[in-house]
Number of protein chains: 2
Amino acid sequence: MRILVVEDEPGIANFLRDGLTEESFAVDVAENGNKGFELASTNDYDLVLLDWMIPGLSGIEVCRQIRKSNSLVPIIFLTAKDTVSDTVFGLEAGANDYIRKPFQFEELLARIRVQLRTKEGEQNILSLGSITMNLGTHQVFSNSKEVELTQKEFALLEYLIRNKNKVCTRTRIIEHVWDIHFDADTSVIDVYINFLRKKLHDVSAKSFISTVRGVGYIARDL
Amino acid sequence: MRILVVEDEPGIANFLRDGLTEESFAVDVAENGNKGFELASTNDYDLVLLDWMIPGLSGIEVCRQIRKSNSLVPIIFLTAKDTVSDTVFGLEAGANDYIRKPFQFEELLARIRVQLRTKEGEQNILSLGSITMNLGTHQVFSNSKEVELTQKEFALLEYLIRNKNKVCTRTRIIEHVWDIHFDADTSVIDVYINFLRKKLHDVSAKSFISTVRGVGYIARDL
DNA sequence: GCACTGTTTTAAGCAAATTTTAAGAAACTT
DNA sequence: AAGTTTCTTAAAATTTGCTTAAAACAGTGC
């Protein structure tokens, strides 16, 4: 899942980047409003975190512009202001939620999950056949036996399962899981598919990730 | 579907070639404006991706020349510039759309599909009789049973179905699906028609691809 | 600051599937 | 029946993906 963070204070920006990366999100940071809108309009993010007070276009403006361009990406405001009118103003501009600074990272995470859930019509649990992922606790179970996955393995599996029964092309995988947008001549996907198959294969019945030659991979529901 | 990419940076050019090939397009790359125009004027592309800043003729010039030669092929600009006047300039030169670098591959793909759709009046799903193709997921169903096709098989079937009820000559097939423009003394089409018939025949009622002797093949809607 | 641990990426040889070539059999045309 | 054209099959050539090992990197504790 790709998240755009629009935040000028480097401390907070880094804090968010690191924390969200730990949670297996692919994070881009924009340090002002113009950059933020540019990135938002040229990329396909799954969620946007938007600081209210930023140089260039204000957060509200960025939010309006994004909505004007017909994007429904969930937007969460980070705001130091706390008067009711301001938050209402933000929500009316098209934001989905807001959180006041200083905030607890856990709370932010919870709100992010809520937005992603409503977007995808899912809970915190993803499943495919006998495999279950708990996004909240970062645990993966295969036949109710826990399997330890690394960050990248987890992120790749999440992407595959969110798109289950659809072919995921190499290009899309490298963009959504690795956040790489050019020069895709790497075999890192092959290697991670291999990791996942090894870790999940002997536990669940059959190799549930099939290869679609010349295109990518597909995780099938049976 | 044939796409011409006019782009000088090898990294981006390769990225585009690979990504578009994954999506079953036949891709040619020109590394400068003159080559680009030469290819565009001597070939029948379904779409042109044109970088703005390229050696030789500028992207704008190539676009103008193409339009001057009375071609209506859809043209999408790739541009690093982002002032409104520039893009308007590009669109006035006869381009159909533009996308700013750096871009998300999926967004580019969406824009390409929009151009091809308006051109062909179709969505992401193609169908013929009991056969359905999902271009987004690269899946083919025959009587709602999935059939596994390779890249070339998929591309050939797509071409036949996009031109259903029209005779597709061998020359056009070899040009649009294989991107070969000389020396058509190959029997590769015969072989692939055979593959398709075998894979789809026993599932759907009758052989839906008929041979038109001396000319080519036709996929009929019944 | 350095060694240790685990993760991620790169690279290379091998295996497997796809794509192309080729050639004889079959079908159609004249 | 002769001459084309297409079909079918098999094998060669090529491409793509799998697997493994090692290198690069990051984080932790001493």
Side-chain angles (χ1 to χ4, degrees), chain A residues 14 17-19 21-27 138 140 147-157 159-160 167-171 173-174 177-180 182-202 207-218, chain B residues 14 17-19 21-24 26-27 138 140 147-157 159-160 167-171 173-174 177-180 182-202 207-219:
Chain A
N14 288 335
R17 192 208 320 269
D18 294 350
T21 304
E22 269 173 16
E23 296 291 326
S24 294
F25 293 106
V27 182
H138 253 262
V140 176
V147 179
E148 307 258 335
L149 296 188
T150 68
Q151 293 282 346
K152 278 276 143 68
E153 289 165 354
F154 191 92
L156 174 57
L157 182 61
Y159 185 73
L160 289 173
V167 175
C168 303
T169 67
R170 285 164 170 279
T171 306
I173 291 172
I174 207 81
V177 179
W178 273 266
D179 212 13
I180 294 173
F182 299 104
D183 165 46
D185 63 342
T186 167
S187 61
V188 75
I189 297 176
D190 307 53
V191 174
Y192 269 85
I193 290 284
N194 192 235
F195 287 162
L196 282 183
R197 281 175 171 161
K198 269 191 189 157
K199 286 196 178 177
L200 297 168
H201 184 269
D202 46 4
S207 180
F208 62 102
I209 304 175
S210 342
T211 307
V212 182
R213 244 177 186 250
V215 185
Y217 296 90
I218 182 170
Chain B
N14 288 335
R17 193 209 320 269
D18 294 350
T21 304
E22 272 176 6
E23 300 289 331
S24 291
V27 183
H138 257 266
V140 177
V147 180
E148 308 255 338
L149 296 188
T150 68
Q151 287 267 64
K152 278 277 143 69
E153 289 165 355
F154 191 94
L156 174 58
L157 182 62
Y159 186 74
L160 289 173
V167 175
C168 303
T169 68
R170 287 165 166 278
T171 309
I173 291 173
I174 206 81
V177 179
W178 272 266
D179 212 13
I180 294 173
F182 308 100
D183 154 50
D185 63 341
T186 168
S187 61
V188 76
I189 298 175
D190 307 54
V191 175
Y192 269 86
I193 290 284
N194 191 235
F195 286 163
L196 281 183
R197 282 174 170 161
K198 269 191 189 156
K199 286 196 178 178
L200 297 168
H201 184 267
D202 46 4
S207 179
F208 62 102
I209 304 175
S210 337
T211 307
V212 183
R213 227 163 202 264
V215 185
Y217 297 91
I218 182 170

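Chain letters run A, B, ... following the sequence lines, proteins first and then strands; every chain starts at 1.
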* To do: Specify the separation, in whole Å, of atom CG of B/L196 and atom P of C/dT19.
  => 11 Å
* Can you tell me if the side-chain N/O atoms of B/Y192 get under 4.0 Å from OP1 or OP2 in D/dT8? -> no
* Asked: Rounded to whole angstroms, how far apart are CG on B/L149 and P on C/dT18?
  -> 10 Å
* So, for A/L196 and A/E153, which heavy atoms are closest and what is the spacing to 0.1 Å? -> CD2-O, 3.7 Å
* Asked: In Å and rounded to the nearest 0.5 Å, what is the CG to CG distance from A/L149 to A/L157?
  -> 6.0 Å
* Residue pair A/T171 / B/D18, side-chain heavy-atom distance below 4.5 Å -> no
* To do: Taking only the side-chain nitrogens and oxygens of B/R197, find out if one of them lies under 4.0 Å from OP1 or OP2 of D/dC7.
  => yes
* Asked: Could you state the CD1-P distance from A/I189 to D/dG17, rounded to the nearest angstrom?
  -> 10 Å
* Protein-nucleotide distance (A/D190, atom CG; C/dA16, atom C1'), rounded to Å -> 14 Å
* Asked: OP1 or OP2 of C/dA11 less than 4.0 angstrom from a side-chain nitrogen or oxygen of A/S187, does that happen here?
  -> no
* Calculate the interatomic distance between B/K152 atom NZ and D/dT14 atom P; express it in whole Å. => 14 Å
* **Phosphate contact (C/dT20 OP1 or OP2) by B/T186 side-chain N/O below 4.0 Å** => no
* So, is B/N194 near the phosphate of D/dC7, with a side-chain N or O under 4.0 Å from OP1 or OP2? -> no
* Does some side-chain heavy atom of A/I193 sit less than 4.5 Å from a side-chain heavy atom of A/L160? -> yes
* Asked: Are B/Y217 and D/dT5 close enough that a side-chain N or O sits under 4.0 Å from OP1 or OP2?
  -> no
* Asked: Reckon A/W178 has a side-chain N or O less than 4.0 Å from the OP1 or OP2 of C/dT9?
  -> yes
* To do: Please identify each residue that fulfils side-chain hydrogen bond (donor to acceptor under 3.5 Å, both in side chains) with A/Y217, with sequence neighbours left out.
  => A/R170
* Asked: Quick one: is B/R170 getting a side-chain N or O under 4.0 Å of the D/dT6 phosphate, OP1 or OP2?
  -> yes
* For D/dC7, does OP1 or OP2 lie under 4.0 Å from any side-chain N or O of B/T211? -> yes
* Structure fact -> In whole angstroms, the gap separating P of C/dG6 from NZ of A/K199 amounts to 11 Å
* Asked: So do the side chains of A/T21 and A/Q151 get within less than 4.5 Å of each other, counting heavy atoms only?
  -> no
* Kindly point out which of D/dT8, D/dC18, D/dT20 is positioned nearest to the side chain of B/V191? => D/dT8
Find every protein N or O atom lying less than 3.5 Å from an N or O atom of nucleotides 25-30 of chain C, and list the pairs.
{"from": "C/dA27", "atom 1": "N3", "to": "B/R213", "atom 2": "NH2", "distance (Å)": "3.3"}

* Where does the angle between the aromatic ring planes of B/H138 and B/F154 fall among parallel (under 30°), tilted (30 to 60°) and perpendicular (over 60°)? -> parallel
* If you check every side-chain atom of A/F195, which of C/dT9, D/dT19, C/dT19 has the closest atom? -> C/dT9
* Can you find a side chain N or O atom of A/K198 that sits less than 4.0 Å from OP1 or OP2 on D/dT20? -> yes
